[in-house]
Amino acid sequence: MDNAPDRGRPDIATPLVAWFRDAARDLPWRRPGFPAWGTLVSEIMLQQTQVARVVPRLEAWLTRWPTPADLAASPPGEAVRAWDRLGYPRRAIALHAAATAIAEQHGNVVPRDVDALLALPGIGDYTARAVAVFAYGDRHPVVDVNVRRVLARALLGHGQPGPAKAKQDLPLMESVLPEDRDAAAATNAAVMELGALVCVARSPACDACPIADRCAWRAAGYPEHDGPRAPKQARFAGSDRQVRGLIMAELRSSDVPVLRSEIDLVWPDDAQRERALASLLRDGLAVGDDAGGYTLPSV
DNA sequence: CAACCGTGGCT
DNA sequence: TAGCCAAGGTT
């Protein structure tokens with residue numbers, strides 16, 4: 001047990017892991033024996049998507065496709081349909097492609113190596129490490145928005161994390177991790193859970209925080225955020241994203257090709273509708289057939 | 001690096 | 001209620 005903090009920083013790992021043992025939510029991917037494939041699917045579903053919306057889709061997904069090869073054997077359009085309304089349906093296409101690569105190039109076993117995971121479509125810096133740590137118990141820093149916020153507050157004394165910089169937070173999280181593998185994995189999960197349940201973006205529950213006594217932000221009197229902020233999300237109403245979503249809803253709900261005349265009904269602006277449809281075709285989320293209809297991808 | 005990519009919960 | 005925010009990734 002080596003929990004010695006680096007660089008004179010306070011030890012947040014020990015109290016957070018102790019807190020996590022009691023406070024951790026009972027989530028599917030924390031069940032004993034949960035497969036690495038399930039962890040991979042869950043992490044992709046969880047990208048920018050709340051836990052409560054993911055859980056039911058995840059369980060249905062794993063029942064239908066218990067291994068990567070099972071998913072690879074279905075058409076990608078079925079993955080898009082099962083994705084339902086989780087949003088960012090390109091993730092479903094990427095997950096299908098990742099499953100195909102795992103089945104064909106990795107013996108149907110989800111890779112354990114971070115670089116091998118990074119080479120899969122739809123898997124970036126966060127997801128690769130999350131799979132290596134949460135599915136395989138390896139020792140890597142896992143940095144998502146929750147972790148960035150906890151570190152910004154507890155260690156740097158900032159109210160909010162700055163814009164996500166290229167891997168700048170990885171060394172900081174690394175400095176928090178105990179040497180021991182299992183303890184490091186638990187610390188990753190605990191910091192993330194604190195950010196999700198207690199050290200939330202708005203109205204953090206500092207009274208219930210297990211590291212309030214060593215929080216730099218609290219010690220500094222909760223200064224307002226000064227540095228650069230993360231960029232604001234683009235307006236959704238009236239956006240191309242909304243139009244894409246409306247077209248995708250049509251395609252998902254139809255067993256037969258959707259005619260142009262039906263797609264024309266989902267949005268009044270011709271140019272924007274055409275732009276959205278073209279981008280869906282480009283992304284492989286929609287396919288045009290010979291008869292001028294559109295479907296989800298069947299191959 | 002900035003812009004883009006869905007959908008819904010929460011205050 | 002309008003806006004913020006969510007276990008990010010790709011281009």
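Chain A is the first sequence line, chain B the second, and so forth, proteins listed ahead of strands; every chain is numbered from 1. What you see is a predicted model, and the numbers here were worked out from it, not measured in a lab.
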### Task
Measure from CG on A/L95 to C1' on C/dT10 and round the result to the nearest Å.
16 Å
### Task
Take the protein atom CD of A/Q48 and the nucleotide atom C1' of B/dG9, then report the distance between them rounded to whole Å.
14 Å
## Note on the structure
The answer to which of A/P121 and A/L27 contacts DNA chain C further toward the 5' end, by nearest nucleotide, is A/L27
### Message
Whole angstroms only, please: what is the CZ-C1' distance between A/R202 and C/dC4?
### Response
4 Å
#### Entry: A/Q50 CD - B/dG6 P separation (whole Å)
16 Å
### Separation of atom CE in A/M192 from atom C1' in C/dG8, rounded to whole Å
12 Å
#### Entry: A/I93 CD1 to B/dC5 P, straight-line distance once rounded to whole Å
16 Å
### Intermediate values then yes/no, side chain to side chain contact (heavy atoms under 4.5 Å, CB included), A/I211 and A/L194
CA-CA 10 Å; A/I211 57 171; A/L194 188 80; 4.1 Å; yes
## Note on the structure
Nearest heavy-atom contact between A/S254 and A/R81 is O-NH2, 2.6 Å
### Message
Under 4.0 Å, counting only non-hydrogen atoms across every strand here, what does A/D125 touch: a base, just sugar-phosphate, or nothing?
### Response
sugar-phosphate
### Toward the 5' end of DNA chain B, by each residue's nearest nucleotide, A/P89 or A/P231
A/P231
### Query
Expressed in whole Å, how much space separates the C1' atoms belonging to B/dT7 and C/dT11?
22 Å
### Message
By nearest atom, which of the nucleotides B/dG6, C/dC4, B/dC5 is closest to the A/R91 side chain?
### Response
B/dG6
### Task
Using only heavy-atom distances, determine whether the side chains of A/Y88 and A/R241 contain a donor-acceptor pair under 3.5 Å.
yes
### Message
What is the separation between atom CZ on A/R241 and atom C1' on B/dA3, rounded to the nearest whole Å?
### Response
9 Å
### Message
I want to verify a distance call: between C/dA6, C/dA7, B/dC5, whose nearest atom is closest to the A/R53 side chain?
### Response
C/dA6
### Query
Looking only at atom C1', what distance separates C/dA6 and B/dG6, rounded to whole Å?
12 Å
#### Entry: Given B/dG9, B/dG6, C/dA7, the nucleotide with the shortest approach to the side chain of A/R244
B/dG6
### Message
We want to know whether A/S74 and A/R64 form a side-chain donor-acceptor pair, criterion being a heavy-atom distance below 3.5 angstrom.
### Response
no
## Note on the structure
Whichever of A/R252 and A/A234 has the more 5' nearest nucleotide on DNA chain B, that residue is A/A234
### Task
Can you sort out which residues in residues 29-47 of chain A have a heavy atom within less than 4.0 Å of DNA chain C? Ascending by number, please.
A/W29, A/R30, A/E43, A/L46, A/Q47
### Query
When we call it a touch if two heavy atoms are under 4.0 Å apart, what does A/V145 touch: a base, just sugar-phosphate, or nothing?
sugar-phosphate
### Message
Between the base of C/dA6 and the side chain of A/Q233, is one N or O donor paired with an acceptor at under 3.5 angstrom?
### Response
yes
### Query
Which hydrophobic side chains are connected to A/L277, either touching it within the sub-4.5 Å cutoff or through other members that do?
A/V80, A/I93, A/V243, A/L246, A/I247, A/M248, A/L251, A/V258, A/I263, A/V266, A/W267, A/L280, A/L281, A/L285, A/Y294, A/L296
### Task
Spell out yes or no: do the side chain of A/T49 and the base of B/dG6 have one donor N/O and one acceptor N/O closer than 3.5 Å?
yes
### Distance-only donor-acceptor check, side chains A/D70 and A/T67, under 3.5 Å
yes
### Task
Have a look at A/T127 and say if it touches a base, only the backbone sugar-phosphate, or nothing, with a 4.0 Å heavy-atom cut-off.
sugar-phosphate
### Task
Tell me what A/G124 touches on the nucleic acid: a base, only sugar-phosphate, or nothing, going by heavy atoms under 4.0 Å.
sugar-phosphate
### Integer angstrom distance from the P of B/dA3 to that of C/dA7
24 Å
### Query
A/A201 near the nucleic acid: base, sugar-phosphate alone, or nothing, with a heavy-atom cut-off under 4.0 Å?
sugar-phosphate
### Task
Please determine if A/D125 and A/R129 form a salt bridge, counting it only when a charged side-chain N lies under 4.0 Å from a carboxylate O.
yes
### Task
Group every Ile, Leu, Val, Met, Phe, Trp and Tyr by side-chain heavy-atom contacts under 4.5 Å, then state whether A/L16 and A/W217 land in the same group.
no
### Query
C/dA7 P sits how many Å from A/R25 CZ, rounded?
7 Å
### Task
Can you measure from CZ (A/F34) to OG (A/S42) and round to the nearest 0.5 angstrom?
5.5 Å
